[in-house]
Amino acid sequence: MGTTQQAPRDLIDAALAARDKAYAPYSKFHVGAALRTGNGQIIAGCNVENAAYPEGVCAEAGAISAMVLSGETKFDEIVVVGLGDVACTPCGGCRQKIREFTGPDATIFIINDQGETLLTLTREALIPHSFGPENLK
Ligand code: THU
């Protein structure tokens, strides 16, 4: 049996630090995400809620927006951390956002509070048979 590929330390630290900044007074569920762009930059995001509940923004979405603002449109790795020991897997909308900016072999790591890797997935496993830019050609 193979061992689970562990999340890289620098992305773990960035995701945990981002989670500390989460604005989640409604759900009280704090999430952090950190991705590594094609040119090696680390960019993080946290979830940001507001009183109109459905208008909140996920941590992954925040990181992706910041990445695009920085001039990058590709990433190969992303680490996501929620609360406790239950894997905080990206929601459907975030899967689609991750899809836009990754190749099928990109890696999605879900970690716990202690920085331990709970789940390591390829993007293809996260969102199989996905709809992407190629479908529009
Ligand atoms: N959330 C994320 O930020 N990322 C995920 O992967 C799952 C859920 C946020 C949305 C909301 O602010 C809170 O977690 C509870 O759903």
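We count ligands from 1, going down the list as the structure has it; atoms in each ligand are counted the same way. Scope of the values below: all heavy atoms of this structure, side chains included, with no hydrogens, waters or symmetry mates.
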Heavy atom of the protein closest to atom 3 (O) of ligand 1 (residue, atom name, distance): Ala59 N, 2.9 Å

With atoms numbered from 1 as shown, which atoms in ligand 1 lie under 4.0 angstrom from a non-hydrogen atom of Glu60? 2 (C), 3 (O), 4 (N), 5 (C), 6 (O)

Under the salt bridge (Lys or Arg N to Asp or Glu O under 4.0 Å) rule, collect the residues that match up with Glu77, sequence neighbours excluded. Arg36

Got a donor-acceptor contact below 3.5 angstrom from the Gln6 side chain to the Thr120 backbone? no

Non-hydrogen protein atom less than 4.0 angstrom from atom 16 (O) of ligand 1: no

Should Glu60 and Arg99 count as an ion pair when the cut-off is N to O under 4.0 Å? no

Backbone of Ala22 reached by a side-chain donor or acceptor of Asn47 within 3.5 Å: no

As an exercise, identify every atom of ligand 1 less than 4.0 angstrom from a heavy atom of Thr89. 6 (O)

Which hydrophobic side chains are connected to Leu11, either touching it within the sub-4.5 Å cutoff or through other members that do? Ile12, Leu16, Ile42, Val79, Val81, Phe109, Ile111

Atom 2 (C) of ligand 1: which of Gly82, Pro25, Cys58, Ala63 has the nearest heavy atom? Cys58

Joint hydrophobic cluster, Val31 plus Tyr26, side-chain heavy atoms closer than 4.5 Å: no

Without swapping roles, check the side chain of Arg123 against the backbone of Ile98 for a donor-acceptor pair under 3.5 Å. no

Report yes or no: does Pro90 have a heavy atom closer than 4.0 Å to ligand 1? yes

In the protein, what heavy atom is nearest to atom 7 (C) of ligand 1, and what distance, to one decimal place, separates them? Cys88 SG, 3.8 Å

Around atom 11 (C) of ligand 1, find the nearest protein heavy atom and jot down its residue, atom name and distance. Glu49 OE2, 3.3 Å

So for Val48, does at least one of its heavy atoms come nearer than 4.0 angstrom to any atom of ligand 1? no

Residue and atom name of the nearest protein heavy atom (relative to atom 9 (C) of ligand 1), distance in Å to one decimal: Asn47 ND2, 3.6 Å

How long is the straight-line distance from SG of Cys88 back to CG of Leu118, given to the nearest 0.5 Å? 10.0 Å

Numbered in order shown, the ligand 1 atoms found under 4.0 Å of a heavy atom of Ser27 are 13 (C), 15 (C)

Need the ligand 1 atom indices (1-based, order shown) with element for anything under 4.0 Å from a heavy-atom of Val31. 1 (N), 2 (C), 3 (O), 4 (N), 9 (C), 14 (O)

Chi angles and distances behind the side chain to side chain donor-acceptor pair (under 3.5 Å) call for Glu49, Ser27: CA-CA 8 Å; Glu49 300 181 347; Ser27 72; 2.5 Å; yes

Is Ala24 near ligand 1, meaning one of its heavy atoms is under 4.0 Å from it? no

